[in-house]
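One structure below.
Every heavy atom of this structure was used, including side-chain atoms; hydrogens, water molecules and symmetry mates were not. Predicted, not measured: the structure shown is a model, and the values here were computed from it.
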Amino acid sequence: MVKKLAGWISRHPKTVLLIATLLLIPSIIGYACTKVNYDILTYLPEDLESVQGERILDKTFNDAAMAMIVSQNFNERDVAEMKRQIAEVDGVEQVLWVDDIADISIPQEMLPDILNSVFYSADGKSTMMMVQFKEEGSSVRTMNALKSIRKIMDKNSFMSGLSAITLDTKELADDQAPIYITIAIALALVALCFTMKSWVLPFLLLICLGYAVIYNMGTNIFLGGISYITQCIAAILQLGVTMDFSVFLIDRYEEEKPKWGSN
């Protein structure tokens, strides 16, 4: 059966190439529809106390989907206006700042110590507001809300929290991964060009590996989602692991070709 299949493949290269190219269409669609998980906490064991506590907080208070905004050298009215705009962002549940408890016209020195310790720094030059979101920290709606909030913030304001870290991780991975993949392909191409007899063969080899990478990424849709780490390194890892086997296959082809001639 294997010999018959191999014989059919060798006698119908154009048909095989056409089928392989057509299979790229569902693979690309599957890759585009595959959810990428940027929340590294989901991969920790469920029996860890920290994970269980995170689940309880998220279920009870939705506390996992929060962000803290710190403003330095602030003006109370500017911060209050920024808070109002942030509260109107889609995906934001509520924004908590000192003006929810006391009037901003009251001097900071006259506020209770508990308010100063929560909303102001020790030197009084920085203030913090807390933003609570409607959905989990790694959801698309929360990510879009974080992007909108960053557009509202001024240059003296900074955002922190698990949701903000998740957004930074997503943007860093999306920006850097294509660069690493391009560098890996370029280096592999240079190495193949210097070690193979033909200048065309390295390009054909990388195209075949590119087909395999797209197939691999497209079939991940059956898993429901993948980690952002997988998204970043899968292509490079597959390139490195399968390249040597491809070279071995080419060598075996060159060895067997004289034995079979044009049959």
Contacts of type ring-ring contact (aromatic ring centres under 6.0 Å, His included), residue Tyr215, not counting sequence neighbours: none
Any residue meeting salt bridge (charged side-chain N to carboxylate O under 4.0 Å, His left out) with Asp154, in chain and number order, not counting sequence neighbours: none
Residues in side-chain hydrogen bond (donor to acceptor under 3.5 Å, both in side chains) contact with Gln238, at least two apart in sequence or another chain: Asn216
For Arg77, salt bridge (charged side-chain N to carboxylate O under 4.0 Å, His left out) partners two or more places apart: none
side-chain hydrogen bond (donor to acceptor under 3.5 Å, both in side chains) partners for Gln94, two or more places apart: Gln132
Set of side chain to side chain contact (heavy atoms under 4.5 Å, CB included) partners for Leu189, sequence neighbours left out: Cys193, Pro202, Phe203, Leu206
Pairing residues for Asn75 by the side-chain hydrogen bond (donor to acceptor under 3.5 Å, both in side chains) criterion, not counting sequence neighbours: none
Any side-chain donor near an acceptor of the partner, Tyr211 and Thr21, under 3.5 Å: yes
For Asp78, all residues meeting salt bridge (charged side-chain N to carboxylate O under 4.0 Å, His left out), sequence neighbours excluded: none
Residue list, side chain to side chain contact (heavy atoms under 4.5 Å, CB included) with Ile19, at least two apart or on another chain: Thr15, Leu23
Ser246: partners by side-chain hydrogen bond (donor to acceptor under 3.5 Å, both in side chains), with sequence neighbours left out: none
Check: Thr127 side chain, Tyr120 main-chain N or O, donor-acceptor pair, under 3.5 Å: no
With sequence neighbours excluded, residues passing side chain to side chain contact (heavy atoms under 4.5 Å, CB included) with Arg141: Asp90, Lys134, Glu135, Ser139
Option among Met130, Met129, Gln85, Glu88 that satisfies the side chain to side chain contact (heavy atoms under 4.5 Å, CB included) test with Val95: Met129
Residues in salt bridge (charged side-chain N to carboxylate O under 4.0 Å, His left out) contact with Lys125, at least two apart in sequence or another chain: none
Asp99 with Arg84: basic N within carboxylate O range, under 4.0 Å: no
